[in-house]
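Here is the structure we will look at.
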Amino acid sequence: MHDAFEHAVILEKLPLQIECIATFGDNLLVGTRQGHLLLYGVKDGAGDNRFEVELRSSNKLFSKRPILQLAVVEQLNLLISLSDAVISVHNLETFALKFTLHKTKGATVFAVSIKERKQSSVFDPSPPLELKLCVAVKRKLQLFNWRNGEFQEGEDLLLPDVARSVVWTKESLCVGFKREYSLIKTNTGTQTELFSTGRHLEPTIATLPSGELILCRDDMSIITDSEGKKTQKQTLTWSDTPTALDYVEPYVIGLLPRYVEIRTISPRALIQSIELSKPRYITQGKHMYVASTSHVWRLIPVSIPMQIQQLLQDKQFSLALMLADMVVEPEEEKAKRKESIQNLFAFDMFCQKRFDDSLQLFAQLETDPTHVIGLFPDLLPSEFRKQLEYPAPPPPLTPGELEKGCLALVEYLTQKRNDLIKRLDKAESLMKGRSKDTAEKSSEADIKAQKNIMHRRQIIDTTLLKCYLQTNDALVAPLLRLKENYCHVEECERVLMKSKKYNELVILYQTKGLHKKALDLLLRQAQKSSSQLRGHQRTVQYLQHLGHEHLKLIFDFSVWVLKAHPDDGLKIFTEDLPEVEGLPRDKVLAHIEQNAKQLTIRYLEHIIFIWNESKPEFHNKLINCYRERVQVLMREYLDSLPEGDEPFPPGSEPGELGELRGRLLFLLETSKHYQAQHLLTHFPETFYHERALLLGRVGRHEEALAIYIHVLHDAKLAEEYCHRNYNEGKEGSKDVYVSLLRMYLEPPKINSKEVKPSITVALNVLQEHHQKISTAKALELLPSSTEVREVYTFLSSVLEDKEKKRKNCQVLKSLLFAEHLQVQQQRMYHQARKILLTDERACQVCHKKIGNSAFAYYPSGEILHYYCCKNLTSPPGSAHTTPRHSPTPEDNMLPRF
């Protein structure tokens, strides 16, 4: 409770019995049971006398009966009174009777409604003030409207009982009967029963500025809108049954038998109790007065700043905020006052462990997140936290309270983080849109603001990580993986190490670019059986994503994996990832040769067959690696071969030898990128198949064929070789079959031994491949002893092929000549047409004369400028003729130039 009002005695022990009071300006009107009307002037006093009270007028002849009710209409200088069961209207200054509403004879109570109208224009004839009067006469309500200096009668409304209290609410009337309240629409007369008056039986009604009603039922007050619907879930509860009510924002004032109680609707609270002797009447205007039958007191509002100060001491922040809105002061100062109260309110809610409400209010106030985080223990460095100031030391939190608070803090920080990101994006877009001069002037301020935002984001992200560790540690890794995470490295490193979150610590190092730290940690944890990071797999994955910028780190930390786990170590350099594929392959190859030479072949196979590496040095290297390994295995194979057994054909040897040699032959046969001239010197004479392939690659076909035919004695391989290397358009390869024929007819010496010609085989080659062999060169190679019948089939096939080619050429020649004639006929037809171009001829597009300009003629007869023709999408005269940016041909409608 606090003091919202002070009270001072204005009149005491009045010899006349008071029946009603009213006020206007600094004046107080008192109506008495004896019918006297007293006018007092109340001014501020001096010294011990707080107020100076002066009796300005005493009208003993105002009425012969008690004055039961008074109403002042100061704007119209009117005084309305109820006395002798009739309504009278007087002059406010002289109290002279203006007129009496005789129709109201028998009146028990009346109500006045005063509204100021907003005139639509200067010429609006309607009066600026709307005055309505409702008088309860027995079981009727009489309605009057003030027009032209008098009250004009309206329609009467019938009642089920005698009204004891009447109040205007918008376009309705709230009527209190002995047992219940009703709401009556003045325009339709519709009555709605609300609820009973309770045991007290006497109705008490007051209105709020919004038009809402306060209706008393015993010691409770129910608040409804102008339609009779409850607007507050809870009711106002009084210490006793009020006899009268009034409202002074934000307080409801109730007159009780021994007290004046002051309460608020929201928050629902008792504010003050003022002990007065039997108060019965209350009125307010410029000032507020309360009266008993013999005393009158003034209720003086305590200054709002003083009330706010008291409320803050009592931690009544909601009410303090309501009062802060009522303080008359500049808007900036008012905003600062309200922000200060709200911050205190938020801090108090935190102390009450209402974490969600507290942090939501802090978010609305845009309080510095550092001050909010500092409310929690161990989330900020101790030295930094000591520098923060709070209204009181933050309360200690139990583990359960701390977890609950951290959950609310996570939601708060997430919202702040998103807000800061939006602000930063907006600031960057504004900077891009500024001119150079403006950008130079504001660059320093913008940079400072951006640094401030970055600093806040660092604090927020670091705190989020700590909160996740206490509430849901599964969210730590996703936070650290964010592209834009501003976690403070040293602080996060400390808490993660303390919590033994090594996996998350690796992610932190990775996102911050501290790869050496991450790899050192992985290496240490890989040896610990109890660690989540035990083993080498995580190191392999980490190295695979580093990329060529960190090649030295990859090489340094891949050594132990290559030596301990060669297969997985090779994956560091062969995984199908852009970062791995982009590594410099020559340096990787040298690294593998130095630290895991047994993986060289596998690495080269991967880059050549999977990544399609085309550099000759890698192909040469793989071929030499195959050769070196095959030589070693070949010696072992031949040494283990029993005497008399023939070795297997190349590539089909048992075990690793056959597999490697098969791959070697496949590479020599299919690869187009190795340099055969550099490899020949490395292959000894025992590698017959390999040398044959290399010789063929450098164009030494006869030497290659000599190996197939006279060393390996495999005619089939020789023919396959010719089939692979024959190319009719290439000078060195178009006579490869002639070379094959020569190897049969003019065999070279093999190991200084003469070899006999194989004429029969040669003739078979002529018959099978006559289309690929030069006839003249073949006949020159054949010995003179060869009979015609032996080459008859060959010559017949050659002649047939020549005849087919000749006939094909004749047909093609005839077709081309016929096409030529058609083209010439079309040309002559189009050239025979004449175009008459006069000075009056105009372009159909731009409507300018053609003149001497270049023009285009359409088959339809239209003539256009050449430029205009290029910008049309359809022929002239069609329904969709529109210009275009580039010309496109139209079928059958092409212009002639």
Side-chain angles (χ1 to χ4, degrees), residues 19-22 29 31-33 35 37 62-73 76 78-90 95 97-115 130-194 196-197 201-207 213 215-216 226 228 243-244 280-281 283:
E19 285 290 336
C20 62
I21 57 174
L29 286 171
T32 66
R33 177 171 291 185
L37 180 65
F62 188 81
S63 175
K64 296 178 181 180
R65 297 293 180 91
I67 304 172
L68 300 179
Q69 192 174 353
L70 292 173
V72 174
V73 185
L76 299 177
L78 297 178
L79 173 64
I80 304 172
S81 67
L82 170 58
S83 179
D84 199 13
V86 70
I87 302 297
S88 301
V89 180
H90 307 262
F95 303 137
L97 179 64
K98 293 176 73 75
F99 55 84
T100 299
L101 297 176
H102 297 288
K103 183 183 178 181
T104 62
K105 189 64 177 175
T108 54
V109 68
F110 72 88
V112 175
S113 172
I114 303 172
K115 288 183 180 178
E130 181 183 8
L131 174 61
K132 293 189 292 185
L133 175 66
C134 174
V135 183
V137 180
K138 299 181 181 180
R139 295 192 177 188
K140 288 192 300 182
L141 292 180
Q142 297 178 357
L143 304 181
F144 299 89
N145 292 313
W146 182 263
R147 287 178 186 171
N148 302 323
E150 62 179 358
F151 278 113
Q152 296 183 1
E153 297 179 11
E155 293 185 4
D156 294 348
L157 303 175
L158 298 179
L159 300 176
D161 197 357
V162 177
R164 292 174 176 258
S165 180
V166 179
V167 169
W168 283 94
T169 170
K170 296 185 178 179
E171 299 302 322
S172 301
L173 288 164
C174 184
V175 183
F177 301 106
K178 185 176 181 179
R179 299 184 181 277
E180 65 181 0
Y181 295 100
S182 291
L183 201 64
I184 303 175
K185 296 283 186 181
T186 57
N187 52 357
T188 62
T190 306
Q191 297 187 23
T192 304
E193 294 183 1
L194 300 180
S196 69
T197 57
L201 301 182
E202 287 297 327
T204 304
I205 309 173
T207 58
L213 297 166
L215 307 176
C216 282
S226 59
T243 57
R280 293 182 59 184
Y281 314 108
T283 186

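- Not a single side chain to side chain donor-acceptor pair (under 3.5 Å) links K105 to another residue, sequence neighbours left out.
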Enumerate, atom names and distances included, each donor-acceptor pair closer than 3.5 Å involving a side-chain atom of residues 162-178, sequence neighbours excluded.
residue: R164; atom: NH1; partner: E202; partner atom: OE2; Å: 2.7
residue: W168; atom: NE1; partner: A111; partner atom: O; Å: 3.2
residue: T169; atom: OG1; partner: G211; partner atom: O; Å: 2.8
residue: E171; atom: OE1; partner: K132; partner atom: NZ; Å: 3.3

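- For the pair L141 and I184, the tightest heavy-atom approach, listed with the atom from each and the gap, is CD1-CD1, 3.9 Å.
- Separating the CD atom in E155 from the OG1 atom in T186 is a distance of 10.0 Å, to the nearest 0.5 Å.
- Residues L157 and G189 come closest through the heavy atom pair CD2-CA, 3.9 Å.
- The side chain to side chain donor-acceptor pair (under 3.5 Å) check on T190 picks up T188, with sequence neighbours excluded.
- The minimum heavy-atom distance between I80 and I87, with the atom names listed, is CG2-CG2, 3.8 Å.
- Applying the side chain to side chain contact (heavy atoms under 4.5 Å, CB included) rule to K103 yields the partners Q142, F144, E153, D156; only residues at least two apart in sequence or on another chain are considered.
- Atom OG in S113 sits 9.5 Å away from atom CG in N145 (nearest 0.5 Å).
- Heavy atoms only, all atoms of each residue included: S226 and L183 are closest at O-CD2, 2.9 Å.
- In this structure F110 satisfies the ring-ring contact (aromatic ring centres under 6.0 Å, His included) test with no other residue, sequence neighbours excluded.
- Taken to the nearest 0.5 Å, the NZ atom of K98 stands 6.0 Å off from the CG atom of L78.
- In terms of the side chain to side chain donor-acceptor pair (under 3.5 Å) criterion, Q191 has no residue partners (sequence neighbours excluded).
- Residues passing the side chain to side chain donor-acceptor pair (under 3.5 Å) test with T283: none are found, sequence neighbours excluded.
- In this structure, R147 has no salt bridge (charged side-chain N to carboxylate O under 4.0 Å, His left out) partners at least two apart in sequence or on a different chain.
- Counting only distance, with no hydrogens or angles, the side chain of Y181 and the backbone of C216 share a donor-acceptor pair below 3.5 Å.
- Residue Q152 qualifies as enclosed at atom CD: its count of foreign heavy atoms under 6.0 Å is above 12.
- Here the closest heavy-atom approach between residue G31 and residue L70 is recorded as N-CD1, 4.1 Å.
- Ring planes of F62 and F95: perpendicular class, angle over 60° (limits at 30 and 60°).
- Among V72, L133, V135, the single residue meeting the side-chain contact (heavy atoms from CB on, under 4.5 Å) criterion with V112 is L133.
- With sequence neighbours left out, R65 forms a salt bridge (charged side-chain N to carboxylate O under 4.0 Å, His left out) with D84.
- L68 meets the side chain to side chain contact (heavy atoms under 4.5 Å, CB included) test with E19, P66, L82; sequence neighbours excluded.
- A search for side chain to side chain contact (heavy atoms under 4.5 Å, CB included) contacts involving A244 returns L255, I282, not counting sequence neighbours.
- One distance of note links NZ of K140 with CG of L159; it measures 10.0 Å at 0.5 Å rounding.
- Heavy atoms of other residues, nucleotides or ligands lying less than 6.0 angstrom from NZ of K138 number 12 at most.
- Side-chain contact check for T207 versus L213: some heavy-atom pair is nearer than 4.5 Å.
- Residues meeting the side chain to side chain contact (heavy atoms under 4.5 Å, CB included) test with S88, sequence neighbours left out: S81, V86, H90, L97, T100.
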